[in-house]
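Shown next, in structure tokens, is the structure this report addresses.
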Amino acid sequence: MEGGSPDQESVGSGTKRSSVSSGSKSRNHKEFLYRLVDCETFTANLEDWFQSLYEKSAQMKPVFDVPFELIDLQKFDYALEGVSFQQLIRMPNAVYASTSDSAEATAYLAVEDFLHATVKGLWEAFWSHDEPMPFSVACLYKENLKFYQAENAIASGRLGSLCASGVLLKNPRHPHGKWDNLLELALLRPGIQSLVGESEQQPSLQVLGEALFYALRMLISRSLSRQNLPLSSNSAFVLLVDSQYGGVVKVEGDVNKMDFDVNNVYKCAAEWIQRHARIAVSPVDRIWNKLGNANWGDIGALQVTFATFYCIMQFAGLPKHSIEDLAADHGCRLQTRRLERQLGDTRVNGSGLFRFQQHGVSPEIVEVQDEPVKLESESLKLEVGSVLWLEDSNWERGYHINQIRSNGELPYYIASPVEDPGKSLFLYVGSHPSQLEPAWEDMNLWYLVQRQTKVLTIMKQKGLSGKYLPQLSASGRIIHPGQCRRPSSGGNCDHPWCGTPILVTSPVGETVADMVSEGHFGVDEAIRCCHDCLSALSTASSEGIRHGDIRPENVICVRSGESRPYFVLIGWGHAILEDRDRPAMNLHFSSTYALQEGKLCSASDAESLVYMLYFACGGAFPDLDSVEGELQWRETSWSRRLIQQKLGDVSTVLKAFADYVDSLCGTPYPMDYDIWLRRFKRSIREEDHGKEIDASV
């Protein structure tokens, strides 16, 4: 077991070079690696850098990013439900075990067995259950940096010279291992948890420096190797473990950017770490319980296993079975469990986050209905905290559900992209195409999602955009659990969710309906709301598009990122694109011409806006159940100027606008948006005491 550094013999002769200079460069790199053997000297060169990182970092804020996002670990956890891991050699617990050499020897054997169980379980689950595992586990001997089986080292009395355990690609020609065949390294250091710094769950330089040292040796060795790795070799993982806890250090970077000065090895290595390396450090979490068994399903073991999964991919290529494929089986297992427990036929998806519920909704407008009929339909329901995945133009997008809202009839959601948790978006889930006929509710969902997607797409293609219009963020089909067996000729597979449409829009805000119910809709809001909605209508009408469904649930107030709140007109599913289109029918807010003829005139949207403002400013609608009764009330109210008077109590410009709309209703004359936008702008400036406002139209 004695001898010099293994780098001369284990790295190989390097790739064939086309010139003497390139061959000289390779030899220089090998000599650099041959001299990079002292971890303590390397760590000493990082002390000032490490100290400056902690001083610059905010108090209690981690210095380094984490290698894995929680959402990815959760998905990996679902994928591992059917995977069998078995550690046979128990880890001695520091609390109950002695400090003798026997306990330390058992700890090294337990780490080896843990790594073996991890690699074996992952290989059989993701790559191949039939082909033999091409990896082995061995311990690193610090005197010559070669690898040996822990049993052999312990038997020969070399326990004190062991410094780490590693997973290696099997190579019969090199029984003591090659560094370029090293997948990952696990450093067994007593009291890893007690060595974290003051910044929450961040390791000290003593621990981190050693991890960086070995990671750098792995990267340099791979850069000199003759073998071609299937995936990028620019990242290396080092595990930090003791008899209970563990964490992951990931180092990523191009070592070719290093200055390979063989006369100043440690300074060059430290400079590369500071300038070119991207370092990620996971929290230190518990891996083994008090009996020495690994908690495979807990986050400590999970993040270590996830790191091993990535290491295997670097050497074996992409797995035959993806994480998504195995995670999808969670739904089947959960459904089986529910049937075993006789909990009914509630269906849950691959993440265990969605569920189907039965509920009924009556039509939006009913002329005469002595006994309201509730039509039952089956629709997809999401819960707060769930994650929905969307297939959008061959891209997969994930959205985290933060809130559940309702437009008065149907649910929709406030969600944030998985890759940008700080951003809020509206998310709408439609009905499966096969479910559109049974209920009016599903037709309303079709207008809310499919039709609105079409309208917003057309508006985007025509270049219609503005501050007061919603923006199409994403649209597509839900990614359902299991394999999609969609026929090549098109259509959907037999899965109940296949083809379910999703629409994602921005911005997000509070509806006028909610503002009114909470008493937050005042004079300023009324004037701004009218101006902003007219601006949206003006932009859309420039391409012949009319809204057709203006009501308190379809106007939102946006407050984030602006000095003053503004209003956005949403809910474009019933928009009129051509003559054959029909608007939504709502007793209180549809225009008179829409209720009479089922069509819109040029002033119909403005008339609906007047009714919405009348309601928002405290106006009362009679409790009517027929179109005839509603039309009679309107005729009386307009003739007696009740609507104008109510709006006049709020603002004279609103009263004048109501008079103008009344004069246009039912006529072919076009709406003059420009003049009223200018008048509302002047009124807003007066309310703001001359301060500038956003005057975009």
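Just so you know, these numbers come straight off a predicted model, no measurement behind them.
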Taking all non-hydrogen atoms of both residues, which atom of [X] and which atom of [Y] are closest, and how far apart?
X      : Y      : answer
Val650 : Val523 : O-CG1, 3.6 Å
Leu456 : Leu472 : CB-CB, 4.3 Å
Thr539 : Leu464 : O-CD2, 3.5 Å
Gly548 : Leu600 : CA-CD1, 3.8 Å
Ser604 : Cys601 : OG-N, 2.8 Å
Leu445 : Gly430 : CD1-C, 4.3 Å

Tell me, do [X] and [Y] make a side-chain contact under 4.5 Å, heavy atoms counted?
X      : Y      : value
Trp638 : Val610 : yes
Ile550 : Cys533 : no
Ile502 : Leu427 : yes
Ile545 : Met459 : yes
Cys557 : Tyr566 : no
Phe567 : Ile556 : no
Phe521 : Leu613 : yes
Leu73  : Gln303 : yes

Does Tyr593 have Lys599 sitting over its ring (NZ/CZ under 6.0 Å from centre, angle to axis within 45°)?
->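 Because its charged atom misses either the 6.0 Å distance or the 45° angle limit, Lys599 does not stack over Tyr593.
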
Start with the C-alpha gap between Asp581 and Arg451, add the side-chain angles, then the distance that decides, and say whether salt bridge (Lys or Arg N to Asp or Glu O under 4.0 Å) holds.
-> CA-CA 11 Å; Asp581 294 334; Arg451 183 70 185 347; 3.2 Å; yes

Looking at the rings of Phe426 and Tyr413, which for Trp means the six-membered one, are their centres under 6.0 Å apart?
->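 Between Tyr413 and Phe426, which both carry aromatic rings, the centre distance is not below 6.0 Å.
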
Are the aromatic rings of Tyr611 and Phe621 close, with centres under 6.0 Å apart?
->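 Ring centres of Phe621 and Tyr611 not closer than 6.0 Å.
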
NZ/NE/NH1/NH2 to OD/OE distance under 4.0 Å, [X] and [Y]:
X      : Y      : result
Glu419 : Arg397 : no
Asp659 : Arg641 : yes
Arg551 : Glu553 : yes

To the nearest 0.5 Å, how far apart are [atom1] in [X] and [atom2] in [Y]?
X      : Y      : atom1 : atom2 : value
Lys75  : Ser322 : NZ    : OG    : 8.5 Å
Tyr412 : Leu448 : OH    : CG    : 9.5 Å
Thr500 : Arg477 : OG1   : CZ    : 8.5 Å
Glu607 : Asp662 : CD    : CG    : 8.0 Å
Ile323 : Phe76  : CD1   : CZ    : 5.5 Å
Ser535 : Tyr673 : OG    : OH    : 10.5 Å

[X] side chain to [Y] main-chain N or O, any donor-acceptor pair under 3.5 Å?
X      : Y      : result
Ser683 : Arg679 : no
Ser538 : Leu534 : no
Asp532 : Val568 : no
Thr511 : Asp514 : yes
Thr636 : Gln632 : yes
Tyr669 : Ser663 : no
Ser416 : Ser424 : no
Asn554 : Asp549 : yes
Glu518 : Val516 : no
Tyr660 : Asp672 : yes

Take Thr592 and Cys665 through the side chain to side chain contact (heavy atoms under 4.5 Å, CB included) test and state the conclusion after the steps.
-> CA-CA 8 Å; Thr592 300; Cys665 288; 6.0 Å; no

Glu628 and Leu631: side chain to side chain contact (heavy atoms under 4.5 Å, CB included), yes or no, with the steps?
-> CA-CA 5 Å; Glu628 289 78 6; Leu631 292 175; 5.9 Å; no

Tell me if the [atom1] atom of [X] is crowded by more than 12 foreign heavy atoms within 6.0 Å.
X      : atom1 : answer
Glu635 : CD    : no
Gln596 : CD    : yes
Asp420 : CG    : yes

Using the side chain to side chain contact (heavy atoms under 4.5 Å, CB included) rule, take Ser590 and Leu595 through it: C-alpha gap first, then chi angles, then the decisive distance, then the call.
-> CA-CA 7 Å; Ser590 290; Leu595 292 179; 3.9 Å; yes

Could you walk me through whether His531 and Lys681 pass the side chain to side chain contact (heavy atoms under 4.5 Å, CB included) check?
-> CA-CA 7 Å; His531 168 271; Lys681 287 174 193 173; 3.5 Å; yes

Aromatic rings Phe615 and Phe589: how do their planes relate, parallel, tilted or perpendicular, breaks at 30° and 60°?
->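 Aromatic pair Phe615/Phe589 classed perpendicular.
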
Residue among Ile479, Ile478, Val504 satisfying side chain to side chain contact (heavy atoms under 4.5 Å, CB included) with Leu390 =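 With Leu390 as partner, Ile479, Ile478, Val504 yield a single side chain to side chain contact (heavy atoms under 4.5 Å, CB included), made by Val504.
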
